[in-house]
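One structure is given below, encoded as structure tokens.
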Amino acid sequence: MRPERLYHVYILASGPNGTLYVGMTGDLARRVYEHREGLIPGFTKRYGIKALVYFEEFPTAADAIHRETRLKKYPRSWKVNLILAHNPGWRDLAETLNG
């Protein structure tokens, strides 16, 4: 039996209170690796955004896309408060991923 696939919405930061990026993926460990290594051209590579500071799991891609869309519309202060509530030290959570 195949394990159930999970989808993730995540926030990367360039550092504590630094530039933020919100994304969605079906493979969080791979996606974070791609951002860290600069394999994805664009915003995260340009601004050195590499630390995984927040993520949520969802059972379907539709649920994750919906949450990502909502998070992107929230003001920066709301996103910072979300990070602080779950990760007050802005610790890089990539080391907690099994992948």
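For clarity, every value in this text was computed on a predicted model and none was experimentally measured.
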task: Verify, without hydrogens or angle tests, whether Asp63 (side chain) and Pro59 (backbone) share a donor-acceptor contact under 3.5 angstrom.
output: no

statement: Contacts of Lys45 meeting salt bridge (Lys or Arg N to Asp or Glu O under 4.0 Å) (sequence neighbours excluded), chain-then-number -> none

- prompt: Is there a path of hydrophobic side-chain contacts, each under 4.5 Å between heavy atoms of I, L, V, M, F, W or Y residues, that connects Ile40 with Ile49?
  reply: no

query: Can you find a pair of side-chain heavy atoms, one from Leu28 and one from Leu52, that are under 4.5 Å apart?
result: yes

message: Return the OG to CG distance between Ser77 and Leu82, rounded to the nearest 0.5 Å.
response: 11.5 Å

message: Working to the nearest 0.5 angstrom, can you tell me the gap between Arg70 CZ and Ile65 CD1?
response: 15.0 Å

- prompt: Would Val9 end up clustered with Trp78 when hydrophobic side chains under 4.5 Å apart are linked, directly or stepwise?
  reply: yes

- prompt: So which pairs with a foot in residues 46-56 pass salt bridge (Lys or Arg N to Asp or Glu O under 4.0 Å), sequence neighbours left out?
  reply: Glu56-Arg67

task: Flag the pair Val53 / Leu93 as yes when at least one side-chain heavy-atom distance between them is below 4.5 Å, and no otherwise.
output: no

Between side-chain atoms of residues 16-25 and protein atoms elsewhere (two or more places apart, or another chain), which donor-acceptor pairs fall under 3.5 Å?
unit_1: Thr25; atom_1: OG1; unit_2: Asp27; atom_2: N; d: 3.1
unit_1: Thr25; atom_1: OG1; unit_2: Asp27; atom_2: O; d: 3.4

query: Pro41: what forms a side-chain contact (heavy atoms from CB on, under 4.5 Å) with it, not counting sequence neighbours?
result: none

field: Counterpart residues, salt bridge (Lys or Arg N to Asp or Glu O under 4.0 Å), relative to Glu34 (two or more places apart)
entry: Arg30, Arg31

- request: Sequence neighbours left out, what passes ring pair (Phe, Tyr, Trp, His ring centres under 6.0 Å) with His86? Give chain and number order.
  value: Tyr54

message: Starting from Ile83, can I reach Leu71 by hopping between I/L/V/M/F/W/Y residues whose side chains sit under 4.5 Å apart?
response: yes

query: Which residues pass the side-chain hydrogen bond (donor to acceptor under 3.5 Å, both in side chains) test with Ser14, sequence neighbours left out?
result: none

task: Go through the structure and list residues passing ring pair (Phe, Tyr, Trp, His ring centres under 6.0 Å) with Phe58, not counting sequence neighbours.
output: none

- request: Apply ring pair (Phe, Tyr, Trp, His ring centres under 6.0 Å) to Tyr7 and list each qualifying residue two or more places apart in sequence or on a separate chain.
  value: none

message: My understanding is that a hydrophobic cluster links ILVMFWY residues whose side chain heavy atoms are under 4.5 Å apart, including indirect links. Using that, what else belongs to the cluster containing Tyr33?
response: Leu39

query: Tell me, which pairs form a salt bridge (Lys or Arg N to Asp or Glu O under 4.0 Å) where one or both residues lie in residues 79-94, sequence neighbours left out?
result: Arg36-Asp92, Arg91-Glu95

- request: Please answer: with hydrophobic residues joined when any side-chain heavy atoms are less than 4.5 Å apart, are Phe55 and Leu12 in the same cluster?
  value: yes

